Novice: 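Structure in structure tokens, see below.
In this text, all values refer to a predicted model and were calculated from it rather than measured experimentally. Letters A, B, ... mirror the listed sequences (proteins, then strands); counts begin at 1.
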Number of protein chains: 2
Amino acid sequence: MSKSEPSHRRGQVVEDKILQAVIDVIAVEGTMAVKVDDVAAKAGVNKTTIYRRYPNRDDLVLAAVLAQADIAVPIPNLGDLRSDLLAMVQSVADTATSSLGRALLSASATSPELDAMRPRYWHQRFAAATEIIARAVDRGECAAPDDPALLVELTVAPIHFRASQTGGDIGDAFLQMLVDRLVASL
Amino acid sequence: MSKSEPSHRRGQVVEDKILQAVIDVIAVEGTMAVKVDDVAAKAGVNKTTIYRRYPNRDDLVLAAVLAQADIAVPIPNLGDLRSDLLAMVQSVADTATSSLGRALLSASATSPELDAMRPRYWHQRFAAATEIIARAVDRGECAAPDDPALLVELTVAPIHFRASQTGGDIGDAFLQMLVDRLVASL
DNA sequence: AGATATTGCAACTTTCAGTTGCGTTAGTTG
DNA sequence: CAACTAACGCAACTGAAAGTTGCAATATCT
């Protein structure tokens with residue numbers, strides 16, 4: 001057992017630099033613009049080192065994205081259902097309009113691995129949101145809904161839809177309207 | 001006036017073959033799988049000819065997708081509100097799940113033309129859907145809503161959301177639920 | 001038929017992904 | 001501190017696909 005971490009690693013430092021370089025590129029030019037040679041240069045690392053850690057370009061991009069997505073989605077806790085929902089919905093709107101968010105969440109034009117990652121990301125968010133609702137139920141603010149995840153989904157979808165498709169305005173009025181509809185159905 | 005089309009063109013025929021070849025590939029394997037050499041082969045045309053018409057690969061794909069997008073969205077008229085809405089919602093689901101539709105509607109910052117086209121596409125669909133509702137109101141099936149376009153938007157968004165983000169199931173049950181919620185709010 | 005635009009063809013260059021062998025550096029252990 | 005070893009740097013590769021160029025062949029219009 002005393003397997004004292006066979007880690008010979010100066011690795012973690014290098015890995016962080018690499019993934020950060022990838023994220024930097026994605027945020028500005030999108031996932032398609034990520035070139036391994038460029039990443040190596042920006043990270044001050046040799047191309048070979050990258051390929052030693054990630055079998056191919058797609059896996060590299062995926063790892064970077066996952067590292068970003070893993071920063072836990074905060075669960076607002078303001079003590080009031082409407083406030084919590086508004087904070088969460090605002091957070092969704094922020095990522096949906098940020099260039100990094102758009103790059104990460106744009107379907108197609110990416111790798112199958114990224115496609116597989118999106119559902120996990122959203123389930124994470126849904127879990128956070130249902131937690132909000134569960135707390136409100138505990139406080140006696142409202143009745144427990146049949147399918148809280150679905151309600152959250154129907155609330156979040158229009159935000160992403162406007163951001164990625166219609167280009168419609170995503171302002172306070174819109175977000176409040178969505179929250180109102182969710183609360184009304186409780 | 002007698003500008004008798006300086007067209008020396010045997011071109012239109014060739015152009016159609018090229019774009020059709022691109023569409024064929026997209027429909028099966030997606031936009032990423034489109035290789036200029038392959039397209040040239042499938043279209044029975046030389047690679048040079050393609051590059052004489054389209055400056056680069058992206059513009060070629062874009063041209064093919066835009067040509068497909070111009071086919072008008074049909075407005076179902078089955079004489080019943082629920083039936084019309086279901087048909088329309090089903091049509092949205094079909095395009096959202098087809099690889100051609102995904103190519104059209106995926107938000108990739110790589111083509112401003114596509115970005116500009118998406119809102120128009122959806123407004124066209126919204127117009128068709130509000131037409132459906134307007135007819136139902138005329139028939140006395142329901143009251144006229146404040147903002148029919150918004151209702152349609154909230155109905156369509158979850159479909160596209162599941163198709164492009166969560167990968168959630170888009171079946172009859174889901175579509176009917178969406179339509180039910182729309183009808184209920186009339 | 002003759003002029004001209006369009007296409008075919010082949011041999012390029014360029015870019016980027018991914019690989020390989022070997023030398024070098026930096027942690028780990030005694 | 002010395003030796004061992006994993007991780008890294010370096011350079012020169014291969015391979016696939018994008019994009020280019022000059023010239024010959026062919027279709028279309030007048």
Novice: Is the distance from OP1 or OP2 of D:dA7 to the nearest side-chain N or O of A:R53 less than 4.0 Å?
Specialist: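 No, outside the criterion.
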
Novice: Using whole Å, what does the distance between atom C1' of nucleotide D:dG9 and atom NZ of A:K17 come to?
Specialist: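 About 12 Å, once rounded to whole Å.
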
Novice: Roughly, in whole Å, what's the span from CG in B:N46 to P in D:dT26?
Specialist: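 After rounding, the gap between these two atoms is 14 Å.
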
Novice: Using heavy-atom distances to pick each residue's nearest nucleotide on DNA chain C, tell me which of A:K47 and B:G44 is more 5'.
Specialist: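 The residue mapped nearer the 5' terminus is B:G44.
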
Novice: Should we count CZ of B:R181 as having more than 12 external heavy atoms under 6.0 Å?
Specialist: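 No, not enclosed.
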
Novice: Examine the base of D:dG9 for any acceptor or donor lying under 3.5 Å from a partner atom in the side chain of A:R52, and report the outcome as yes or no.
Specialist: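 Yes, the side chain and the base share a sub-3.5 Å donor-acceptor pair.
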
Novice: What is the separation between atom CG on A:D58 and atom P on C:dC16, rounded to the nearest whole Å?
Specialist: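 In whole Å, C:dC16 P lies 16 Å from A:D58 CG.
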
Novice: The side chain of A:R57 lies closest to which of these nucleotides: C:dG18, C:dC9, D:dC10?
Specialist: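 Output: C:dG18.
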
Novice: Quick check on A:D138: does its CG atom have over 12 non-hydrogen neighbours (other residues, nucleotides or ligands) under 6.0 Å away?
Specialist: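 More than 12 within 6.0 Å, yes.
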
Novice: Just by modelled atom types, is the B:T130 backbone N or O under 3.5 Å from a matching donor or acceptor in the B:R135 side chain?
Specialist: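 No.
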
Novice: Mind calculating the distance between OH (B:Y54) and P (D:dA18) to the nearest angstrom?
Specialist: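 Computing the B:Y54:OH to D:dA18:P distance gives 16 Å.
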
Novice: How many whole angstroms separate atom CG of A:D16 from atom P of D:dA7?
Specialist: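 For the pair A:D16 CG and D:dA7 P, the rounded distance is 16 Å.
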
Novice: Considering every strand and a 4.0 Å limit on heavy-atom distances, what is the contact class for B:T48: base, sugar-phosphate, or nothing?
Specialist: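 The residue B:T48 makes base contact.
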
Novice: Among the candidates D:dA18, C:dT6, D:dG19, find the nucleotide nearest to the side-chain atoms of B:N56.
Specialist: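 Among the listed nucleotides, the one closest to the side chain of B:N56 is D:dG19.
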
Novice: What integer distance in Å separates A:D37:CG from D:dA11:P?
Specialist: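 Rounded to whole Å, this separation is 14 Å.
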
Novice: Distance check needed: D:dA11 C1' versus A:Y51 OH, whole Å only.
Specialist: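 Rounding to the nearest Å, OH of A:Y51 and C1' of D:dA11 are 16 Å apart.
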
Novice: How about B:R120: does its CZ atom have over 12 heavy atoms from other parts shown lying under 6.0 Å from it?
Specialist: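 Result for CZ/B:R120: open.
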
Novice: Select base, sugar-phosphate, or nothing to describe what B:V34 touches, counting heavy atoms under 4.0 Å on all strands.
Specialist: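 Contact class for B:V34: sugar-phosphate only.
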
Novice: Between D:dA18 atom C1' and A:M32 atom CE, what is the distance in whole Å?
Specialist: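 Taking CE of A:M32 and C1' of D:dA18, I get 16 Å after rounding.
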
Novice: Could A:R162 and B:E153 be called an ion pair, given the rule that one side-chain N must be under 4.0 Å from one carboxylate O?
Specialist: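 So A:R162 pairs with B:E153 through a salt bridge.
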
